[in-house]
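Report on one structure; see the data block that follows.
Index from 1, following the sequence.
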Amino acid sequence: MDNRTLLYEGSEWDFNHLRRVHDAIEEIGVGEMGLDVYRNQIEVITSDQMLDAYASFGMPLMYSHWSFGKRYSREALLYRKGAQSLAYELVINSDPCVAYVIEENSMTMQTLVIAHACFGHNHFFKNNYLFRQWTHAERVLDDLAYAKRFIAECEERYGMQAVERTLDAAHALMSQGVSRYAPQRPVRSQDAVLKAESRKSHHEATYNDLWRTLPKPKEDADADDNAEREYDAAALRLPEENLLRFLSLHAPKLKDWQREVLDIVRKTAQYFYPQQQTQLMNEGCATFVHYQIMNRLHQTGQVNEAAMLEFLHMHTAVVTQPDFDDKRFRGLNPYALGFAMMKDIERICQSPEPEDEEWFPEIAGQGDFMGVLRDAWADFRDESFVLQFLSPHLIRKMRLFAVRDASDAPHLSVEAIHDESGYREIRHRLAQQYDLSKRDPEIEVTEADLKGNRRLVLTHRVRDGKTLSSSNCNRVLRHVANLWGYRVRLIEIDADSGQTLNDYDAVALP
């Protein structure tokens with residue numbers, strides 16, 4: 001132990017203590033662990049302000065909507081009745097990285113929060129490839145401020161009811177307002193040919209009015225119709241997975257301010273999309289970082305035993321994994337599994353067993369566990385991280401196994417246990433639970449008639465027999481129709497056989 005001066009004593013804190021703790025943590029996190037972080041901005045808030053942030057997607061600035069007030073009332077009631085506790089912190093993926101800490105926290109809790117949020121989450125936000133690809137941390141706060149101001153101006157100019165109706169529809173479609181693949185598809189050569197042919201036809205048709213009045217053979221007319229449909233599909237880039245973006249660009253009856261509202265909601269949905277794919281890794285990274293930093297602060301004599309006992313009590317509560325027959329069981333705790341996998345990687349790198357050398361030959365015994373973790377935090381998401389790094393050792397330690405619960409079978413069946421094939425099957429099935437493509441419906445815009453009856457056609461490719469709820473589908477489809485302005489049809493097709501399973505239809509309200 002280095003016997004340095006204690007950073008604090010007791011539970012009381014002030015802003016000088018926060019600064020000293022931040023600087024000491026930065027020395028360990030950046031200097032020793034090699035973390036790469038945005039600048040930090042720490043803001044102390046009350047429990048009511050934390051509840052308010054809960055209600056509005058956890059964002060520091062947000063436009064007004066009735067659903068936020070409803071969510072606030074629910075969260076506040078549960079908190080005051082003791083049925084739910086508040087998070088220790090809230091952190092925003094922005095540059096500077098904004099971390100909110102509650103004023104009721106003790107000094108040890110503030111130290112844990114700064115290590116967890118300001119360096120764990122911060123490093124993950126800045127370095128993971130999904131966040132680098134889909135979010136712009138330097139613009140987040142400015143975009144939020146603009147959205148809040150723009151929505152407020154629209155309410156004054158066009159009325160709260162009109163704005164609320166547009167926001168209700170956009171919020172109903174948020175899960176279908178994200179782009180899951182490359183940000184922009186390049187224009188294909190076929191598109192360029194179709195556009196050139198269309199321009200040529202237009203010039204020929206407008207050269208003389210008599211040209212358009214000449215009758216055409218039926219074959220030529222059919223060919224022209226087919227070419228026009230192909231051109232429309234190419235120009236609209238169909239099929240289109242991002243429904244909110246398609247509506248904001250092409251809905252015939254939307255006003256300019258409504259298109260901007262859809263874009264605001266779409267960008268909000270896209271901001272959260274990487275977080276949905278990396279909850280396990282993000283929380284595991286932050287928990288591992290705060291655990292390493294707090295232990296290092298104790299080793300160097302900067303926090304005392306009393307602070308460490310308080311920290312270990314809080315840390316244990318965070319990473320507790322209730323058993324499957326416990327009343328508290330809600331599935332696998334992402335903090336528990338993520339932290340356990342990070343610690344297991346540290347073990348494999350430093351003290352591997354023969355089994356580890358067989359399963360992880362590239363990292364077993366190499367010693368630099370922080371290098372391995374930094375690479376994993378940068379290059380993986382939850383699904384691929386589990387597939388790559390979940391070890392047989394951890395499967396046994398957490399007593400994981402695979403069970404099949406089929407509605408047509410009278411009993412549960414255990415299908416994977418602790419043997420080589422079982423380890424691989426357990427790892428594969430667990431990874432699938434973190435694969436958004438297995439959870440979110442695959443719905444695309446497949447047809448849009450902009451010149452005839454204006455009908456919009458959506459297609460849902462059904463996998464593993466998971467069709468949409470008919471009641472929910474009809475309600476959401478009405479929102480789509482209200483935005484589109486005309487009739488909307490949704491077809492559910494089996495992804496394997498191509499068979500039509502369901503057909504829904506909705507019209508816009510007057």
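- Listed by chain and residue number, nothing satisfies the salt bridge (Lys or Arg N to Asp or Glu O under 4.0 Å) test with K267 (two or more places apart in sequence, or in another chain).
- In summary, the side chains of H460 and E444 do not present any donor paired with an acceptor at a separation below 3.5 Å, with no hydrogens or angles considered.
- D323 meets the side-chain hydrogen bond (donor to acceptor under 3.5 Å, both in side chains) test with no other residue; sequence neighbours excluded.
- For the residue pair N472 / R475, a side-chain donor-acceptor distance below 3.5 Å is found, with atom types taken as modelled.
- Checked against side-chain hydrogen bond (donor to acceptor under 3.5 Å, both in side chains), D256 has no partners two or more places apart in sequence or in another chain.
- Sorted by first and then second residue, the pairs that involve residues 326-340 and meet salt bridge (Lys or Arg N to Asp or Glu O under 4.0 Å), not counting sequence neighbours, are D326-R328.
- For the side-chain hydrogen bond (donor to acceptor under 3.5 Å, both in side chains) test, residues two or more places apart in sequence or in another chain that qualify with R396 are E355, Y423.
- Contacts classified as side-chain hydrogen bond (donor to acceptor under 3.5 Å, both in side chains) and involving residues 140-162 (residues at least two apart or in different chains) are given here: Y146-E260.
- Residues satisfying the ring pair (Phe, Tyr, Trp, His ring centres under 6.0 Å) test with F311, not counting sequence neighbours, are H290, H315.
- Taking the side-chain hydrogen bond (donor to acceptor under 3.5 Å, both in side chains) definition, one finds that H136 meets it with nothing, sequence neighbours left out.
- Side-chain polar atoms of T135 and N93 form a donor-acceptor pair below 3.5 angstrom.
- Partners of R381 under the salt bridge (Lys or Arg N to Asp or Glu O under 4.0 Å) rule, at least two apart in sequence or in another chain, are E383.
- Not a single ring pair (Phe, Tyr, Trp, His ring centres under 6.0 Å) links Y434 to another residue, sequence neighbours left out.
- Residue pairs meeting the salt bridge (Lys or Arg N to Asp or Glu O under 4.0 Å) criterion with at least one partner in residues 92-101, sequence neighbours excluded, are R39-D95.
- Side-chain contact of T46 with D48: a donor-acceptor pair under 3.5 Å is absent, judged by distance alone.
- Identified under the salt bridge (Lys or Arg N to Asp or Glu O under 4.0 Å) test for residues 333-347, with sequence neighbours left out: K343-E346, D344-R347, R347-D356.
- Looking only at atom types and distance, the side chain of N333 has no donor-acceptor partner in the side chain of Q321 under 3.5 Å away.
- In the model, W66 has a side-chain atom that pairs as donor or acceptor with a side-chain atom of D168 under 3.5 Å.
- In this structure, Y63 and H171 have tilted ring planes: the angle between them lies in the 30° to 60° band.
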